[in-house]
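Quick note: residue numbers are just sequence positions, from 1.
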Amino acid sequence: VTSPGGNTVYTMKGKSGDKFDFKAPRGGMYKFCFHNPYGAPETVSFYIHVGHIPNEHNLAKDEHLDPINVKIAELKEALESVTAEQKYLKARDARHRHTNESTRRRVMFYTMAEYAAFMAASALQVIYIRRLFSKNVGYNRV
C-alpha cells in the first residue's frame with residue numbers, strides 16, 4: 001500500500017488469505033499493488049473499508065457533543081467491521097468449497113481409473129491362464 005506521497009504504508013509478502021488494516025497518515029489516493037511472481041493464475045479478492053472512529057480527543061467539548069454520539073459512531077464502525085469479516089469468511093468458505101470439490105473430482109477420476117486398470121489386469125490374467133491350460137496348446141508349456 002502506497003500513500004499519496006509515494007511512501008510505502010504497508011507491505012506484505014508471501015501470504016495468502018490474510019487480512020490487514022492500517023491507519024492512513026493523511027487523506028488522498030492510496031495505491032494497492034498485487035504481484036504474482038509465479039505466473040500461475042490466481043484470484044485476488046479484497047474489500048476496502050474507509051472509516052473514521054472518532055476519539056474523544058478530536059471531538060468538540062462535552063457541552064457540544066453528547067458522549068452517546070461517540071458510542072454510536074464506535075458501534076457503527078464495529079458493525080461495519082463485523083460485516084466485512086462476514087464477507088471475508090463467506091468468500092473464504094466459497095474458495096475452500098471449490099478446492100474440496102476439485103479434489104473430490106480428481107480422487108473419483110483416479111479411483112475409477114485404478115478400478116479399470118485392475119479389471120483389465122484381471123481379465124488379461126484369466127485369458128493368459130486359460131490359454132496356458134487349453135487343450136489346443138501342447139503340454140510342453142506347463
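Counting only distance, with no hydrogens or angles, the side chain of S102 and the backbone of H98 share no donor-acceptor pair below 3.5 Å. Counting only distance, with no hydrogens or angles, the side chain of S81 and the backbone of E77 share no donor-acceptor pair below 3.5 Å.
Contact detail for T11 and T8: the closest heavy-atom pair is OG1-CG2, 3.0 Å.
Remark: F32 CZ is packed, more than 12 non-hydrogen atoms of other residues, nucleotides or ligands lying under 6.0 Å away.
Residues V107 and T111 are in side-chain contact: their nearest non-hydrogen atoms beyond the backbone lie under 4.5 Å apart.
Hydrophobic clustering, with ILVMFWY side chains joined whenever heavy atoms are under 4.5 angstrom apart, keeps M119 apart from V126.
For the atom pair CZ of R131 and CD1 of I127, the computed distance is 9.5 Å after rounding to the nearest 0.5 Å. Distance NZ/K76 to CG/L79: 10.0 Å, rounded to 0.5 Å. In this structure, OG1 on T2 lies 13.5 Å from OH on Y10, to the nearest 0.5 angstrom. Rounding to the nearest 0.5 Å gives a distance of 7.0 Å between CZ of R104 and CE of M108. Here the CG-CZ distance, from N100 to R105, works out to 11.0 Å after rounding to the nearest 0.5 Å.
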